[in-house]
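Below: the structure, in structure tokens.
Along the sequence shown, the residues carry numbers beginning at 1. All heavy atoms count here, side chains included; hydrogens, waters and symmetry mates do not.
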Amino acid sequence: MRLTQIDAIQPPSPPKGGPEITLRHLVELSVRESLARGKSPVRYLSLGGDRPRARTGMAWNPSSLDGCSLKAVYKAVGVRQARVEPDFESQFIFDRGHVVGAWLAAYLRALEGHHGVTDVQAQCTDRDEQLVVDQELDYGGLIDISFRYYGELHIVEGKSKDNPAALAKMSRPDRRHARQLNDYMAMSGAKRGWLAYMGLVDTPRGQSFSIVEHPVTLDLDMWRASRSMIQALERFRQKPDRMPPRSENPRFECPTCPFRGPCERGLTPRAAKEQLG
């Protein structure tokens with residue numbers, strides 16, 4: 001695990017009898033504290049400038065478990081990827097999620113040192129420090145936001161939604177997203193976290209931006225299921241003459257897949273590696 005841990009003087013425990021902590025409550029505290037000091041929380045807003053994106057160095061990551069198994073194995077054995085340009089709308093939504101995640105992290109950074117919040121880190125600025133891995137499984141990923149609340153590590157995973165209807169459906173977290181966050185918690189040692197769905201909502205005055213949050217508690221059974229899926233993928237990597245299952249959602253995954261060519265030709269991972277490099 002490479003998640004940075006900073007020694008700090010912690011309050012002994014959260015206030016007794018208070019409401020269950022939520023991201024919204026922490027943001028409200030951040031705004032209040034910042035206004036009292038005459039400074040805006042967004043002074044901490046940063047997207048990391050031109051720093052290159054951190055790489056996990058692992059064969060498998062959460063998208064390996066949720067997407068096409070053939071694509072994951074092609075990538076793991078080192079098949080050369082074709083360059084695929086995303087369409088404008090998809091890239092815009094993706095970028096918006098990064099901006100809003102940095103915005104949320106800025107509130108937590110502004111609150112650091114107050115109300116039990118310490119050790120705030122975010123992928124947008126502390127990229128290498130947000131990498132968590134399981135070396136035995138060759139599995140890892142980058143946490144969006146982490147912080148300590150009265151000494152206890154919490155993790156936030158943000159997801160961008162592209163329209164009000166999509167956000168309105170988030171009455172409960174998507175199981176794939178919950179598994180991703182759960183795996184991050186298992187690898188980092190955190191027991192609590194949030195899935196934060198970020199996007200537009202309809203209001204009487206038009207559309208507004210909103211965050212729908214879902215608290216998640218570490219589920220060890222879910223982590224064991226993830227480990228089994230990774231081990232199944234690893235068996236395909238060890239025997240690349242076998243053909244892993246293709247995507248169950250071709251309309252969503254295939255148009256932008258960098259391995260679409262060898263897949264449509266029916267090449268096994270070994271054959272694709274030998275022909276394409």
Side-chain angles (χ1 to χ4, degrees), residues 1-30 56 58 60-63 65-66 101 104-105 107-109 111-123 126-137 139-159 170-198 211-231:
M1 186 186 77
R2 290 174 56 186
L3 185 66
T4 301
Q5 299 183 7
I6 304 172
D7 292 330
I9 299 174
Q10 304 286 351
S13 61
K16 298 292 184 182
E20 182 69 23
I21 191 66
T22 66
L23 285 174
R24 180 181 177 87
H25 179 59
L26 291 175
V27 169
E28 290 176 353
L29 287 174
S30 174
T56 67
M58 300 287 108
W60 315 111
N61 54 54
S63 65
L65 309 189
D66 296 328
L104 181 58
Y107 284 118
L108 293 170
R109 285 192 182 278
L111 193 60
E112 195 166 20
H114 303 273
H115 300 281
V117 175
T118 59
D119 304 350
V120 180
Q121 293 178 323
Q123 186 184 152
D126 310 300
R127 295 174 188 173
D128 293 336
E129 289 82 356
Q130 290 300 91
L131 174 62
V132 287
V133 300
D134 185 311
Q135 296 286 356
E136 179 186 353
L137 292 173
Y139 182 60
L142 290 160
I143 293 171
D144 283 350
I145 303 171
S146 66
F147 66 95
R148 292 185 180 276
Y149 180 65
Y150 289 95
E152 183 180 358
L153 182 64
H154 288 66
I155 289 174
V156 181
E157 180 67 20
K159 299 295 181 184
M170 293 288 93
S171 58
R172 59 182 181 180
D174 184 290
R175 183 169 178 81
R176 294 169 302 169
H177 300 158
R179 181 174 63 206
Q180 179 181 355
L181 176 58
N182 192 75
D183 289 356
Y184 287 158
M185 290 193 292
M187 288 187 286
S188 67
K191 293 182 173 61
R192 298 179 186 273
W194 287 278
L195 275 169
Y197 291 99
M198 305 172 286
I211 297 177
V212 176
E213 60 180 279
H214 295 282
V216 176
T217 303
L218 178 64
D219 184 334
L220 292 178
D221 287 337
M222 186 179 288
W223 171 234
R224 282 190 281 269
S226 289
R227 292 178 63 90
S228 295
M229 293 174 71
I230 297 163
Q231 289 162 353

Report summary line: Taking every heavy atom of Ile155 against every heavy atom of Ala190, the minimum-distance pair comes out as CD1-CB, 3.8 Å
Report summary line: Of all heavy-atom pairs linking Ile145 and Gly101, the shortest is CD1-O, 3.7 Å
Report task. Please tell me if the side chains of Trp223 and Asp134 come closer than 4.5 Å, counting only heavy atoms from C-beta onward. Result -> yes
Query raised in the report: Heavy atoms, side chains only, cut-off 4.5 Å: are Ser146 and Tyr184 in contact?
Result: no
Requested in this report: Show your reasoning for whether side chain to side chain contact (heavy atoms under 4.5 Å, CB included) applies to Tyr197 and His214.
Outcome: CA-CA 8 Å; Tyr197 291 99; His214 295 282; 3.7 Å; yes
**Report entry** Heavy-atom closest contact (Thr22 atom, His25 atom, distance)
**Finding:** OG1-N, 3.0 Å
Query - Atom pair OG1 (Thr118) and CG (Leu153), whose distance is rounded to the nearest 0.5 Å - result: 9.5 Å
Requested in this report: Look at the side chain of Glu213 and the backbone N and O of Leu23, then say whether any donor-acceptor pair between them is shorter than 3.5 Å.
Outcome: yes
Report summary line: Rounded to the nearest 0.5 Å, the CG atom of Leu195 sits from the NE2 atom of His177 at a distance of 7.5 Å
Requested in this report: To the nearest 0.5 angstrom, please state how far the CE atom of Met222 sits from the OG1 atom of Thr217.
Outcome: 11.0 Å
Query raised in the report: Which of these, Asn182, Leu181, Val216, sits in a side-chain contact (heavy atoms from CB on, under 4.5 Å) with Glu157?
Result: Leu181
Report task. Scan residues 176-193 for pairs that pass salt bridge (charged side-chain N to carboxylate O under 4.0 Å, His left out), counting only residues two or more places apart or in two chains. Result -> Asp66-Arg179, Glu152-Arg192, Asp174-Arg176
Report task. Working to the nearest 0.5 Å, report the span between CG of Leu108 and OH of Tyr149. Result -> 12.0 Å
Report task. Applying side chain to side chain contact (heavy atoms under 4.5 Å, CB included), run through Phe147 and Leu26 and close with a yes or a no. Result -> CA-CA 12 Å; Phe147 66 95; Leu26 291 175; 3.7 Å; yes
Requested in this report: Find the distance between CG (Asn61) and CD (Gln180) and round it off to the nearest 0.5 Å.
Outcome: 8.5 Å
Report task. List the atom of Ser188, the atom of Val132, and the distance in Å for their closest heavy-atom pair. Result -> CB-CG1, 3.8 Å
Report task. Kindly give the heavy-atom pair with the smallest separation between Gln121 and Arg109, and that separation in Å. Result -> CA-NH2, 4.0 Å
Requested in this report: Taking all heavy atoms of Val156 and all of Ala196, pick out the closest pair and write down the distance.
Outcome: CG1-CB, 4.3 Å
Query - Reported CD-to-CG distance for the pair Glu112 and Asp119, which is rounded to 0.5 angstrom - result: 6.5 Å
Query - Residue pair Gln231, Leu137: steps toward the side chain to side chain contact (heavy atoms under 4.5 Å, CB included) verdict - result: CA-CA 7 Å; Gln231 289 162 353; Leu137 292 173; 4.1 Å; yes
Query raised in the report: Just by modelled atom types, is the Glu129 backbone N or O under 3.5 Å from a matching donor or acceptor in the Asp126 side chain?
Result: no
**Report entry** Criterion side chain to side chain contact (heavy atoms under 4.5 Å, CB included) on His114 and Leu29, from CA distance to verdict
**Finding:** CA-CA 9 Å; His114 303 273; Leu29 287 174; over 6 Å; no
Query raised in the report: Are any non-hydrogen side-chain atoms of Tyr107 and Val117 less than 4.5 angstrom apart?
Result: no
